[in-house]
Enquirer: 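The structure that follows is given in the form of structure tokens.
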Amino acid sequence: MFEDRKKIENRTELDQLGEFGLIEHVTQQFSIHQSGTIKGVGDDCAVIEAGDGKVKLITTDLLIEGIHFDLSYTPLRHLGYKSVAVNVSDIYAMNGTPQQITVSIAISNRFSLESIEELYEGIKIACDHYHVDLVGGDTSSSCSGLFINITAIGEAKKEEVVYRNGAKENDVIMVSGDLGGAYVGLLLLIQGKQEFLKDNSFEPDFDGKEYMIERQIKPEAQRSIIELLKAAEVQPTSMIDISDGLASELNHICHQSQVGCKVYENKIPIDQLTFDNAADVDTTPLEAAMNGGEDYELLFTVKSSDYEKIKMIPECKAIGYITDQASGLQLIKNDQTVSEIKATGWNHLQKTSE
Ligand code: ADP
Ligand code: MG
């Protein structure tokens with residue numbers, strides 16, 4: 001009783017920690033009991049010994065209506081596809097091959113059989129596209145809205161697994177495609193919804209803006225990059241997928257590798273359409289790329305000697321290089337000023353969402 005009251009009096013608000021602070025706080029007291037657990041918390045996937053020089057990769061993601069998706073502008077079929085793609089993306093981020101998924105859902109009575117069929121249609125299209133098998137899950141009712149939790153399992157050769165912590169000074173930092181589009185797409189959709197709420201005869205016109213909407217609604221995991229790098233016999237020294245924005249992911253790689261970085265604004269790949277539409281939704285192309293998130297491109301580092309082997313691959317774009325830790329994370333702006341790269345990203349617990 002006394003203990004409980006003490007706990008209440010010592011209440012700490014979660015926004016003081018943020019999402020990553022909370023994960024670190026609650027998981028740091030756990031020790032590893034199993035010799036087969038090669039990597040626990042802290043990377044895109046857990047890595048588990050599988051014998052024969054192989055490892056299993058495991059990742060899970062929870063998507064909640066109203067937090068991660070809004071069904072007023074997200075077709076359920078696309079949501080199903082995206083739920084799989086974002087998990088598979090974490091397997092590729094470890095340089096692995098996805099193999100199986102489990103799908104758990106909680107549904108309120110607002111949903112019909114037909115709508116759940118639509119969700120699973122998208123899940124199936126993604127399973128076929130990424131060659132993964134649906135092998136189980138769980139189903140529950142929910143008091144309000146839709147919850148989707150997908151776990152993906154993959155495999156890799158033990159020596160081919162790429163972690164967040166392997167970046168070394170002078171490594172070249174690369175991204176697999178253009179950034180910021182998914183965030184501008186999200187803002188366009190939100191803007192359309194707000195107009196509709198003001199006047200329900202409003203029909204959003206996304207003519208010429210399909211690219212960004214698609215980046216948001218139907219992202220792809222970057223299987224081809226993994227294959228291209230393998231074909232070029234280049235193994236990244238570190239890798240992460242860009243779910244929270246370039247700034248957040250650079251922070252993860254630099255923090256875990258104990259290095260710094262120098263990234264050049266004019267090297268960050270941003271599609272022309274993202275560039276042209278950013279101002280209309282009150283953001284900047286740089287802000288969208290750094291802190292928007294959900295592009296699901298891969299951010300990786302390679303030895304400078306390997307850079308020569310892949311610099312001709314159009315999808316692989318160099319944006320800077322790794323420096324020593326003391327130099328910090330630097331963004332060299334187009335006007336030659338230098339700013340520190342801070343991770344704001346989608347740190348849910350520091351936002352106003354409840
Ligand atoms: P990603 O963005 O790649 O999906 P996250 O940022 O969600 O990764 O998670 C970072 C790490 O923290 C991962 O290793 C993940 O498994 C772990 N993690 C996240 N939430 C929890 C939790 N509630 N308990 C234990 N581990 C967690
Ligand atoms: Mg990830």
Side-chain angles (χ1 to χ4, degrees), residues 14-15 17-34 37-48 55-64 67-69 82-98 101-104 130 147-154 156 161-167 174-177 179 182-183 219-223 225-226 236 238-257 290-301 343-351 353:
L14 293 177
D15 61 4
L17 294 132
E19 183 182 342
F20 301 123
L22 174 65
I23 295 170
E24 211 169 303
H25 183 81
V26 294
T27 56
Q28 67 192 5
Q29 60 195 311
F30 288 80
S31 51
I32 300 291
H33 300 297
Q34 298 288 335
T37 306
I38 298 172
K39 177 80 196 178
V41 174
D43 218 301
D44 292 291
C45 292
V47 182
I48 317 284
V55 294
K56 285 288 173 190
L57 304 166
I58 301 173
T59 179
T60 192
D61 255 306
L62 179 58
L63 301 178
I64 295 176
I67 304 280
H68 300 97
F69 58 88
K82 180 170 176 174
S83 311
V84 178
V86 302
N87 275 279
V88 163
S89 173
D90 277 321
I91 305 271
Y92 292 135
M94 306 297 291
N95 202 25
T97 306
I101 56 163
T102 63
V103 177
S104 300
Y130 294 110
F147 297 67
I148 308 169
N149 170 230
I150 295 193
T151 298
I153 302 164
V161 177
V162 177
Y163 296 90
R164 294 176 180 179
N165 66 7
M174 309 194 81
V175 288
S176 63
L179 303 178
Y183 184 61
E220 291 290 359
Q222 303 303 317
R223 174 174 59 191
I225 291 295
I226 297 300
S238 70
M239 187 150 58
I240 187 169
D241 66 333
I242 303 181
S243 53
D244 294 340
L246 183 59
S248 175
E249 318 308 359
L250 281 168
N251 267 276
H252 285 309
I253 284 196
C254 289
H255 177 68
Q256 295 204 24
S257 301
M290 294 302 276
N291 295 314
E294 295 201 283
D295 291 308
Y296 295 101
E297 296 294 340
L298 293 170
L299 169 68
F300 56 99
T301 55
T344 52
W346 286 115
N347 207 338
H348 298 294
L349 300 172
Q350 287 184 337
K351 298 205 174 260
S353 55

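Both backbone and side-chain heavy atoms feed into the values below; hydrogens, waters and symmetry mates do not. In each ligand, atom 1 is the first atom listed, and ligand 1 is the first ligand listed.
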Enquirer: Would you say ligand 1 has an N or O under 3.5 Å from any N or O of T59?
Expert: no
Enquirer: If you scan the protein for heavy atoms around atom 11 (C) of ligand 1, do you find one that is closer than 4.0 Å?
Expert: yes
Enquirer: Treating D241 as the side-chain partner and Y296 as the backbone partner, does any N or O pair qualify as donor plus acceptor under 3.5 Å?
Expert: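 Side chain of D241 to backbone of Y296: no pair is present.
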Enquirer: For a side-chain contact (heavy atoms from CB on, under 4.5 Å) with E297, tell me which candidate from Q222, E220, E249 qualifies.
Expert: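 Going through the options one by one, the only one that passes is Q222.
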Enquirer: Can you tell me the protein heavy atom closest to atom 25 (C) of ligand 1 and the distance?
Expert: T27 CG2, 3.5 Å
Enquirer: Answer yes or no: are there more than 12 heavy-atom neighbours, outside Q28 itself, under 6.0 Å from its atom CD?
Expert: yes
Enquirer: Quick one: does atom 15 (C) of ligand 1 have a protein heavy atom under 4.0 Å from it?
Expert: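 No, because not a single protein heavy atom sits under 4.0 Å from atom 15 (C) of ligand 1.
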Enquirer: Would you find a donor on one side and an acceptor on the other, under 3.5 Å apart, between the side chain of S257 and the backbone of R164?
Expert: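 It does hold such a pair.
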Enquirer: Are there any protein N/O/S atoms under 2.8 Å from the Mg ion (ligand 2), and if so, which?
Expert: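 Protein N, O or S atoms closer than 2.8 Å to the Mg ion (ligand 2): D44 OD1, D90 OD1, D241 OD1.
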Enquirer: For atom 2 (O) of ligand 1, what's the nearest protein heavy atom and its distance?
Expert: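 Nearest neighbour among protein heavy atoms for atom 2 (O) of ligand 1, to 0.1 Å: S243 OG, 3.5 Å.
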Enquirer: Once salt bridge (charged side-chain N to carboxylate O under 4.0 Å, His left out) is applied, do any residues pair with D90, and if so which ones, sequence neighbours excluded?
Expert: none
Enquirer: Is there a side-chain contact (heavy atoms from CB on, under 4.5 Å) between Q256 and I240 once you walk through the steps?
Expert: CA-CA 11 Å; Q256 295 204 24; I240 187 169; over 6 Å; no
Enquirer: Determine yes or no for a side-chain-to-main-chain donor-acceptor pair under 3.5 angstrom, with D44 supplying the side chain and M94 the backbone.
Expert: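 Between the backbone of M94 and the side chain of D44 there is no qualifying donor-acceptor contact (under 3.5 Å).
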Enquirer: Run the numbers for me: atoms of ligand 1, each under 4.0 Å from some heavy atom of G42, listed by number.
Expert: 11 (C), 13 (C), 14 (O)
Enquirer: For atom 9 (O) of ligand 1, what's the nearest protein heavy-atom neighbour? Residue, atom name and distance, please.
Expert: I23 CD1, 4.2 Å
Enquirer: Closest non-hydrogen protein atom to atom 8 (O) of ligand 1, residue and atom name please, with distance?
Expert: R164 NH2, 4.0 Å
Enquirer: Please report the interatomic distance CD1(I58) to OG1(T102), rounded to the nearest 0.5 Å.
Expert: 10.0 Å
Enquirer: Looking only at heavy atoms, what is the nearest atom pair of G292 and Y183, with distance?
Expert: CA-CG, 3.4 Å
Enquirer: How does V41 reach ligand 1, by side chain, by backbone, by both or by neither, if only non-hydrogen atoms under 4.0 Å count?
Expert: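 Both backbone and side chain.
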Enquirer: Using a 4.0 Å heavy-atom cut-off, which part of M94 comes near ligand 1: side chain, backbone, both, or neither?
Expert: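 Within the 4.0 Å criterion, M94 makes no contact with ligand 1.
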Enquirer: Would you confirm whether any non-hydrogen atom of the protein falls under 4.0 Å from atom 5 (P) of ligand 1?
Expert: no
Enquirer: May I ask you to check whether D43 has an N/O atom sitting below 3.5 Å from an N/O atom of ligand 1?
Expert: yes
Enquirer: Any atom of ligand 1 sitting under 4.0 Å from a heavy atom of H252?
Expert: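 No heavy atom of H252 comes that close to ligand 1.
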Enquirer: Please determine if F20 has a nitrogen or oxygen closer than 3.5 Å to a nitrogen or oxygen of ligand 1.
Expert: no
Enquirer: Could you check T60 against I150 for side-chain contact (heavy atoms from CB on, under 4.5 Å), going step by step and ending with a plain yes or no?
Expert: CA-CA 6 Å; T60 192; I150 295 193; over 6 Å; no
Enquirer: Could you please spell out the steps behind the side-chain contact (heavy atoms from CB on, under 4.5 Å) verdict for K82 and E294?
Expert: CA-CA 10 Å; K82 180 170 176 174; E294 295 201 283; 2.9 Å; yes
Enquirer: What about D244: any of its N or O atoms under 3.5 Å from an N or O on ligand 1?
Expert: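 No, no N or O pair falls under 3.5 Å.
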Enquirer: Please check if the side chain of N149 supplies one atom and the backbone of D61 the other of a donor-acceptor pair under 3.5 Å.
Expert: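 Side chain of N149 to backbone of D61, a donor-acceptor pair under 3.5 Å: yes, one is there.
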Enquirer: Go through it in stages, so that I can follow the logic: the residues are I226 and F300, the test is side-chain contact (heavy atoms from CB on, under 4.5 Å), and I'd like the CA-CA distance, side-chain angles, deciding distance and then a yes or no.
Expert: CA-CA 11 Å; I226 297 300; F300 56 99; over 6 Å; no
Enquirer: Please list the nearest protein heavy atom to atom 7 (O) of ligand 1 with its residue and the distance rounded to 0.1 Å.
Expert: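 Looking at atom 7 (O) of ligand 1, the protein heavy atom closest to it is E19 OE2, 4.4 Å.
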Enquirer: Closest heavy-atom contact between A85 and P219?
Expert: CB-O, 3.6 Å
Enquirer: Below 3.5 angstrom, do we get any N/O pair linking T60 and ligand 1?
Expert: no
